[in-house]
2 protein chains.
Amino acid sequence: MSYQTEFRHFRYFLALAEDLHFRKASERLFISQPGLSRQIKQMEEALGINLFERHNRKVKLTKAGEYMQRELINNFQRLDDIISHARLLNDGMDGNLKLGYVGSAMQLVIPDLLLKFKEEHPNVLFDINEMDNNKQIKALLKQEIDVGFVRMERVPRGLNILPLFEDTFSLVLPAEHKVDSGNFKGLSQFKDEPFILFDSSYSQSYYEKVMQIFDDAGFAPIISHNTVNASSIFRLIENNFGASIVPTSLKLGYDMKIKFIELDKIPQRTTLKLIWNSVNTNPLLENFLNIAENVDFK
Amino acid sequence: MSYQTEFRHFRYFLALAEDLHFRKASERLFISQPGLSRQIKQMEEALGINLFERHNRKVKLTKAGEYMQRELINNFQRLDDIISHARLLNDGMDGNLKLGYVGSAMQLVIPDLLLKFKEEHPNVLFDINEMDNNKQIKALLKQEIDVGFVRMERVPRGLNILPLFEDTFSLVLPAEHKVDSGNFKGLSQFKDEPFILFDSSYSQSYYEKVMQIFDDAGFAPIISHNTVNASSIFRLIENNFGASIVPTSLKLGYDMKIKFIELDKIPQRTTLKLIWNSVNTNPLLENFLNIAENVDFK
DNA sequence: AGGGATTCATAACTATGAGTTATCAAACAG
DNA sequence: CTGTTTGATAACTCATAGTTATGAATCCCT
């Protein structure tokens, strides 16, 4: 390990790397300029790395120095997170876990998962917020939430993904519609009916998948409404504004004035996925993932 | 940031957390026992966290202490990596990048990617090794390689995945076989012919996908040989030991005594994916991923 | 029970090295 | 050329990590 080098050196290094000016940096650090000079020199010798180029009374980061700056900021940020999480544990809390989810996850997956988790960690405080796919991505990157439940294929680098539950699609109709699972022949029966769908902003890849279903059925749907919210889709269907295609698991909890015809013959599936930030140090995240990996949703 | 606390404190903490014995730990650290006692106490006060329970002349980690130990080991490991990478940069090397890949990646994807990368980073040393999917996973977890090229759906936690190139499957036959792309009717023509396939140890999910193809065609293949290596498959086909189904991009570079019939009508595709370890601090990894994300293979 | 051994904590002392002030040489700006 | 600003060097001082000496509590043998 980096013996000889102390924390202080890294603090001084980061200050100087920002200011690129010994006097200014030393003032900001409340030490004298020669003191800083010596500590930096010492650090460079201890690590065997030239961090700064000093010429023409100009200070400049070397390539190695630039890399160090970038990575150290990161590393220290993480160290801070570790300490504040440890402080939470110290204060008697098991900690808290912030979840984001798309509406359809609440029907089936989240209740099962939380129940299982509570068995093992009864004193955990949960923050649970419905948000669309993109909002979850942003919140994860900013570490405003710990895990997200999304329907999308790709996530930005730095986020990890775990498929949880593969779902078929279902056609959703008003309860009194003449077509039902008995006499349903195929989607093409619906080529002249209006559809209410999740907006493409909900998730581009999800949207494309649904469009592919229509494409395979040989027609482009008449889209009467776009929305980002399952219950408003169902409300519209109830009132005869059209039909829709949604993940089958949304069926649970909404059987009132609408009916579902599961499209299990078509190849398309939609997978609910768990995503999280790989640099998150929340001590509960690891536990949560372990449980998520082993829960079997059916 | 954790001012007051110095590096030394963390070193001492880790030693004591291992030994759970002040005198033993102090000896290992080459300091006196009271010295260690004071530093630990100081650290606990500075952080506001009780790290150890001291009772009945027994020392024990608190919950917070256990968490700290786990995470700090991690964090310091990463810090070490940062320093050794910075040292590489300092010594004039742009660095090196170690790749693992499954054979089929070498036909199309890797050459394009490396060429593109070399344009921007001419002084990078590459280590390139063919290995099967599982071996790459293990090597990545041990950080023996920086990136892998695999065909599999899921990877263990801690690894990140980026789909690179989606490929169709092709039926491969001896050049003189009576069936060719002109008179090819469907796979079921081959239900009595022997097949040579990639072993299921190559990648479970890849194997299942290929079996699905046969299943869709309505028969179970007679498997005459399993192997893990494309060129041995082709050698066997050349010598009339049977046919095979492989990713289409393997066609490049092997047109001698065999022929490919692309199965672009079946739904199955195989995606070559880039995987890497999220804790890897190799300064070139970031650059490599940026380029991989933006190269379009066709 | 009681003496010896082992645990960690406390108190007072020592000495290492971080931080100080004073100064210098080099480069720039006018 | 002169005054100013840069970072480096040298000699000093002082804060504190680490020391030794000791103590209180617990265990472990007879």
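Chain letters run A, B, ... following the sequence lines, proteins first and then strands; every chain starts at 1.
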Base versus backbone protein contacts along nucleotides 7-19 of chain C [heavy-atom cut-off under 4.0 Å; B, S, -]: SBBB-------BB

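When the P atom of D/dG7 is taken as reference, atom CD of A/Glu44 falls 13 Å away, rounded to whole Å. Rounded to an integer number of Å, the gap from NZ of A/Lys60 to P of D/dG7 is 15 Å. Atom CD in B/Glu27 sits about 12 Å away from atom P in D/dT20, given to the nearest Å. When rounded to the nearest whole Å, the span between CD1 of B/Ile40 and P of D/dG18 equals 11 Å.
Looking at B/Glu66 and B/Arg70, no side-chain N of the basic residue comes within less than 4.0 Å of a carboxylate O on the acidic one, giving no salt bridge. The pair B/Glu44-B/Arg54 counts as a salt bridge, with a side-chain nitrogen and a carboxylate oxygen less than 4.0 angstrom apart. Taking the charged nitrogens against the carboxylate oxygens, A/Glu153 and A/Lys273 do have a contact shorter than 4.0 Å, which makes a salt bridge. With respect to the salt-bridge test (charged N to carboxylate O, under 4.0 angstrom), the residues B/Glu293 and A/Arg157 qualify. Between B/Glu18 and B/Arg28 there is a salt bridge, with a side-chain nitrogen of the basic residue lying less than 4.0 Å from a carboxylate oxygen of the acidic one. We find that A/Glu6 and A/Arg8 are not joined by a salt bridge, their nearest charged nitrogen and carboxylate oxygen being 4.0 Å or further apart.
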